[in-house]
*Asks:* 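Just dropping this structure here.
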Protein chains: 2
Amino acid sequence: MDSAMTFAEPAAETCAGERDCKHGRGTNGCDDCKVRLFSVCGALEPTELDELDRLSQVKNFPAKTMLFDQGALAGSVFNVTEGIVRLYKSLPDGRRQIVGFALPGDFLGLALMDRYGVAAEAVTPVRVCRFTRAAFLNYVDGKPHLLRRLHEFAGHELSLAQDQMLLLGRRTADEKVAAFLLNLQARYGRIGAMSVNVPLPMSRQDIADYLGLTIETVSRTLTKLAKEKTVLVVPDGVRLLSTDRLDQLAAA
Amino acid sequence: MDSAMTFAEPAAETCAGERDCKHGRGTNGCDDCKVRLFSVCGALEPTELDELDRLSQVKNFPAKTMLFDQGALAGSVFNVTEGIVRLYKSLPDGRRQIVGFALPGDFLGLALMDRYGVAAEAVTPVRVCRFTRAAFLNYVDGKPHLLRRLHEFAGHELSLAQDQMLLLGRRTADEKVAAFLLNLQARYGRIGAMSVNVPLPMSRQDIADYLGLTIETVSRTLTKLAKEKTVLVVPDGVRLLSTDRLDQLAAA
DNA sequence: GCCCAGCATTGATGTGGGTCAAAGCGTCCA
DNA sequence: TGGACGCTTTGACCCACATCAATGCTGGGC
């Protein structure tokens, strides 16, 4: 039966590095990491990759692990190589706003400020490459092309944040959910094969806290989209049956 | 009578440069601009200030002028020296989200991407220093300390955007308005004297579009705050009568 | 000084999505 | 194999805020 379909584990097919990386196998087994950095920071010299190898440290975290808390001293920079991380801010009374999900290839703590502005928590089991802030700063300093890439990256992050503000402030529940699904599909597409099967490893509560809704509204909206055959809700994700309809809802 | 009080024009008292800048008077009269850059980019050499003088161009825009449109080719970098600019994104059906107000000292277009991610429009008459993107990029390239400052600046912007996401997604109308007033007060404080008199040069519609509310809700909320003696609504602004109460509402 | 246009306020009413409550339904473990 | 726990779905109801509709204020042009 149809709903028993499985979703490709996104990270499983994403390591272009195993095909393309000319740098060879690192001593710490962090090929993924080097590739990710490569993809974000632009062409690096082999010697620079070696340097990054030495500076980085692979870490695995089970689901629900706190990578760092909002306001904590920013001691590390992370590059997610596998799994999904939620980034969020909380109000004293417990209300939570997820400001983003970090997928494989994404950086955490790149703002390089004294303290983390958000909390980061593993949604799924997560593998990261960790750099100490000091080592990363030291490495980056005096590499203008890298600084430049970093700045571009920050600009992109800001642009995404502004899109999210528009979504949070001015879109309806339907539009929010549609935009979320399409956005997630596109992001998976960037790290693997584009597919209409969109895994949703995060809980409904996470989705609600990302879209400024409640868990019930997210659930109802998905049910509604399913009833009108726009999506098919399956365990651990959705299949997009009509991206046209979703595009129309998301109303870019 | 009390409500006839006047608000200090914020830009009028903000030019610390006229007191502190050691660089002397520029040939194009853009002392403000140099000071602003100074304050954002950190200590620059006098020769660098001269360079910036040559690169920049003072421009005045009447209220409601479009400085640039969302998606337009990013040809310029602006430094606001006087007045207020609204930055916003729009949906095809006209819904609008203001993602920020630029006050004197703020930069526009610093992300240095190919296209502007938001539209920028003068709320009040505005004076800016304009750099061509090419000149700015050229100047900045090869100045690591400047790149570094720019990156820090971007990180700060991102952090503000994330705060705004929390506000838009998870705060009530009362909390939004209270946070807005306190935030604006703090920002005026940074460019002039901290005061309980907070000018609101932007329209209620602007405030509503910034907070993800309607004009009516903003108006009613201000009336409510006035009734409970938390603020005094006067022409062109508010006086904060109880910042304690506002802090409590804003619930940091 | 008057009129008009544009903004702000206020009131009456509607509704999208929140809240509260109760089932479903996997999945993990005994 | 069952049952218990955590998550999701569904239903009934409610309310904060939106919508619709006057009305009021203010400042600029004549």
*Asks:* What residues from residues 218-226 of chain A pass a heavy-atom cutoff of under 4.0 Å to DNA chain D?
*Replies:* A:Ser219, A:Arg220, A:Thr223
*Asks:* Not counting sequence neighbours, which residues clear side-chain hydrogen bond (donor to acceptor under 3.5 Å, both in side chains) with B:Glu157? List them please.
*Replies:* none
*Asks:* Partners of B:Phe68 by ring-ring contact (aromatic ring centres under 6.0 Å, His included), sequence neighbours excluded?
*Replies:* B:Phe78, B:Tyr116
*Asks:* With 3.5 Å as the limit, what N/O pairs link the protein to nucleotides 22-29 of chain D?
*Replies:*
none

*Asks:* Can you give one letter per nucleotide of nucleotides 2-7 of chain C, going 5' to 3': B for a protein heavy atom under 4.0 Å from the base, S for sugar-phosphate only, - for none?
*Replies:* ------
*Asks:* The criterion is salt bridge (Lys or Arg N to Asp or Glu O under 4.0 Å); which residues satisfy it with B:Asp93, sequence neighbours excluded?
*Replies:* B:Arg95
*Asks:* For residues 232-252 of chain A, pull every pair meeting ring-ring contact (aromatic ring centres under 6.0 Å, His included), keeping only residues two or more places apart or in separate chains.
*Replies:* none
*Asks:* In whole Å, I'd like the distance from the CD atom of B:Glu216 to the P atom of D:dA21.
*Replies:* 12 Å
*Asks:* Only counting residues at least two apart or in another chain, list the ones meeting salt bridge (Lys or Arg N to Asp or Glu O under 4.0 Å) with B:Glu228.
*Replies:* B:Arg245
*Asks:* Between the protein and nucleotides 13-17 of chain D, list every N/O to N/O distance that falls short of 3.5 Å.
*Replies:*
unit_1 : atom_1 : unit_2   : atom_2 : d
D:dC17 : OP1    : B:Ala173 : N      : 2.8

*Asks:* Not counting sequence neighbours, list each pair that qualifies as a ring-ring contact (aromatic ring centres under 6.0 Å, His included) and has a residue in residues 225-252 of chain A.
*Replies:* none
*Asks:* Which ring-ring contact (aromatic ring centres under 6.0 Å, His included) pairs, counting each pair once, include a residue from residues 202-227 of chain B, with sequence neighbours left out?
*Replies:* B:Phe101-B:Tyr210, B:Phe180-B:Tyr210
*Asks:* I want to confirm an ordering. Mapping A:Met202 and A:Arg170 to their closest nucleotides on DNA chain D, which one lands closer to the 5' end?
*Replies:* A:Met202
*Asks:* From CG of A:Leu168 over to C1' of C:dG16, roughly how many Å is that when rounded to an integer?
*Replies:* 16 Å
*Asks:* Whole angstroms only, please: what is the CG-P distance between B:Asp209 and D:dA18?
*Replies:* 11 Å
*Asks:* Per the end-axis method with five pairs at each terminus, what is the bend angle of the helix from C:dG1-D:dC30 to C:dA30-D:dT1, to 10°?
*Replies:* 30°
